[in-house]
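Sharing a structure below in structure tokens format, with a few things to ask.
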Amino acid sequence: MSETIAKIPRHIAIIMDGNGRWAEARGLARTEGHAKGADSVRATVRACRSAGVQYLTLYAFSVANWQRPAAEVKALMHLLAHFAEREKYELRERGIRLSVVGDVSELPTSARRAIESAMEYTAGCNDMVLSLALSYGGRNDIVSAARALAIKVRAGLLLPEEIDEQRLQAEMSTHKLPSVDLLIRTGGESRVSDFLLYESAYAELLFLPIMWPEFGEEQVAQALAYFANRERRFGLTSGQVQNSNGRSFDPLDNTHAPVQLQSLSQ
Ligand code: IPE
Ligand code: IPE
Ligand code: MG
């Protein structure tokens with residue numbers, strides 16, 4: 001039993017792709033696909049919470065998505081605000097704290113306010129963290145972190161040789177999240193499109209041919225089964241991993257590593 005629990009990914013990240021194509025294939029406007037995608041978000045959040053996933057991070061809007069037609073961007077922002085207003089009650093009921101990664105200051109005021117209000121409303125929840133990646137870019141986040149460290153060095157608060165992974169990570173918008181364990185992308189493309197580049201260093205990747213509006217509870221169960229069957233080695237040999245007695249470990253995760261790397265070689 002405890003073996004099964006240990007195999008649940010602590011942090012799942014999802015690239016919710018394929019809304020537009022789902023709609024177009026049905027003769028609908030792309031925005032209808034985005035609206036339908038909100039149902040998949042709800043089902044996915046519920047299923048992850050029931051399974052005991054602690055962190056779920058959803059790629060909702062990338063930095064590059066600002067270049068889409070203005071009407072589509074507007075519709076997406078509207079949906080986002082609506083989602084936050086409507087879902088905050090259920091989130092709190094289920095003990096889910098809403099958070100954001102990326103640059104929320106870039107969002108239109110109405111969307112930003114709705115998100116901030118939902119974050120405040122769920123601030124006391126501790127059973128799962130649902131992070132929405134909004135105006136998010138992985139490269140952007142790394143560059144901002146590098147800049148923040150450079151400013152500290154210039155101010156004499158930090159020596160260049162003191163810069164390490166932990167300090168870099170601390171400056172990123174994802175600083176409160178552990179490394180990604182399972183990264184899922186729907187929509188049939190096998191690419192990461194600037195999502196959690198740093199945080200997914202040793203994530204298991206799952207690319208699905210279905211479109212995001214077709215994703216739900218059953219697909220979460222399948223993804224969890226896929227993850228449970230992976231052997232994560234983090235650069236070690238299979239023998240070393242098996243000698244760790246099935247304990248969950250992530251030598252790269254400075255903030256949450258439950259087992260020291262040293263103990264793996266004993
Ligand atoms: C993902 O679906 C949602 C966002 C990027 C906001 P798309 O809108 O990219 O759908 P496709 O890939 O065009 O089908
Ligand atoms: C990634 O999907 C961004 C989100 C799901 C929010 P895109 O549709 O923007 O990615 P590309 O353009 O196919 O790489
Ligand atoms: Mg797409």
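Atoms within each ligand, like the ligands themselves, are counted from 1 in listed order. All values reported here derive from a predicted model rather than from experimental measurement.
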Does a donor on one side chain and an acceptor on the other come within less than 3.5 Å for Glu231 and Gln242?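 Glu231 vs Gln242: donor-acceptor pair found between side chains.
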
Ligand 2 N/O within reach of Tyr59 N/O, cut-off under 3.5 Å: no

Glu189 N/O to ligand 2 N/O under 3.5 Å: no

Phe234 six-ring face occupied by Arg232 cation (under 6.0 Å, within 45°): no

Please identify which atoms of ligand 2 are closer than 4.0 Å to at least one heavy atom of Phe61.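 So the atoms of ligand 2 that pass are 6 (C).
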
What is the closest protein heavy atom to atom 10 (O) of ligand 1, and at what distance does it sit? Gly20 N, 3.0 Å

Closer than 4.0 angstrom, basic N to acidic O: yes or no for Arg94 and Glu90? yes

Has Tyr136 got a side-chain atom pairing as donor or acceptor with Leu196's backbone, closer than 3.5 angstrom? yes

Between Asn19 and ligand 1, is there a nitrogen or oxygen pair with a distance under 3.5 Å?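 Looking only at distances, the answer is yes, because the N/O contact criterion of under 3.5 Å is met.
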
Between Arg185 and Arg191 (side chain of the first, backbone of the second, donor and acceptor by atom type, cut-off under 3.5 Å), is there such a pair?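 Here the side-chain-to-backbone pair exists.
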
Using only atom types and a distance under 3.5 Å, with no angle test, would you say the side chain of Tyr226 pairs donor to acceptor with the backbone of Leu205? yes

Touching ligand 1 at all, Met211? Heavy atoms, strictly under 4.0 Å?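 Judged by the 4.0 Å heavy-atom criterion, Met211 does not count as contacting ligand 1.
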
Yes or no: does Arg21 have any heavy atom under 4.0 Å from an atom of ligand 2? no

Please say whether Ser193 places an N or O atom under 3.5 Å from an N or O atom belonging to ligand 2. yes

Please state whether the separation between the Mg ion (ligand 3) and some N/O/S atom of Glu189 is under 2.8 Å?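 Here the distance criterion (N, O or S atom, under 2.8 Å) is not met by Glu189, so no.
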
Within a distance under 4.0 Å of any heavy atom of Arg68, pick out the atoms of ligand 2 and give their elements.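 Listed by number with element: 7 (P), 8 (O), 9 (O).
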
Give the C-alpha distance, both sets of side-chain angles, the deciding distance and a yes or no for salt bridge (charged side-chain N to carboxylate O under 4.0 Å, His left out) between Arg21 and Glu189. CA-CA 12 Å; Arg21 279 165 289 159; Glu189 313 290 356; 3.8 Å; yes

When the ring planes of Tyr59 and Phe195 are compared, do they come out parallel, tilted or perpendicular, using 30° and 60° as the limits?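 Parallel: the ring planes of Tyr59 and Phe195 meet at under 30°.
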
Test item, Met16 contacting ligand 2 (heavy atom, 4.0 angstrom): yes

Among the N, O or S atoms that Asp17 has, which is closest to the Mg ion (ligand 3)?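 Of the nitrogen, oxygen and sulfur atoms in Asp17, the Mg ion (ligand 3) lies nearest to OD1.
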
Between Gln67 and ligand 2, which part of the residue brings a heavy atom under 4.0 Å of the ligand: side chain, backbone, both or neither?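 Neither; nothing of Gln67 gets under 4.0 Å from ligand 2.
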
Give a yes/no on ligand 1: does Glu24 have at least one heavy atom closer than 4.0 angstrom to it?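 Contact absent.
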
For Arg92 and Arg97, what are the C-alpha separation, side-chain angles and deciding distance, and is it a side chain to side chain contact (heavy atoms under 4.5 Å, CB included)? CA-CA 7 Å; Arg92 189 158 92 176; Arg97 180 161 77 243; over 6 Å; no

Residues, nucleotides or ligands: over 12 heavy atoms within 6.0 Å of Glu162 CD: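 Check passes, neighbour count above 12.
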
From atom 8 (O) of ligand 2, work out which of Ile15, Asp17, Leu58 has a heavy atom at the shortest distance. Asp17

Is ligand 1 less than 4.0 angstrom away from at least one heavy atom of Ala60?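 The answer is yes: ligand 1 sits under 4.0 Å from a heavy atom of Ala60.
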
Crowding at CZ, Arg26 (>12 non-hydrogen neighbours, <6.0 Å):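 Atom CZ in Arg26 is crowded, with more than 12 foreign heavy atoms closer than 6.0 Å.
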
Out of curiosity, is His34 lining ligand 1, as in a heavy atom under 4.0 Å away? yes

Do Ser179 and Glu199 have side chains that get closer than 4.5 Å, going by heavy atoms? no

What protein heavy atom is closest to atom 9 (O) of ligand 2, reported as residue, atom name and distance in Å?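 Its nearest protein heavy-atom neighbour is Asn65 ND2, 3.0 Å.
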
For ligand 2, which atoms, with element, lie under 4.0 Å from some heavy atom of Arg191? 11 (P), 13 (O), 14 (O)

Determine, using heavy atoms of Gly187 and all atoms of ligand 1, whether some pair is separated by less than 4.0 Å. no

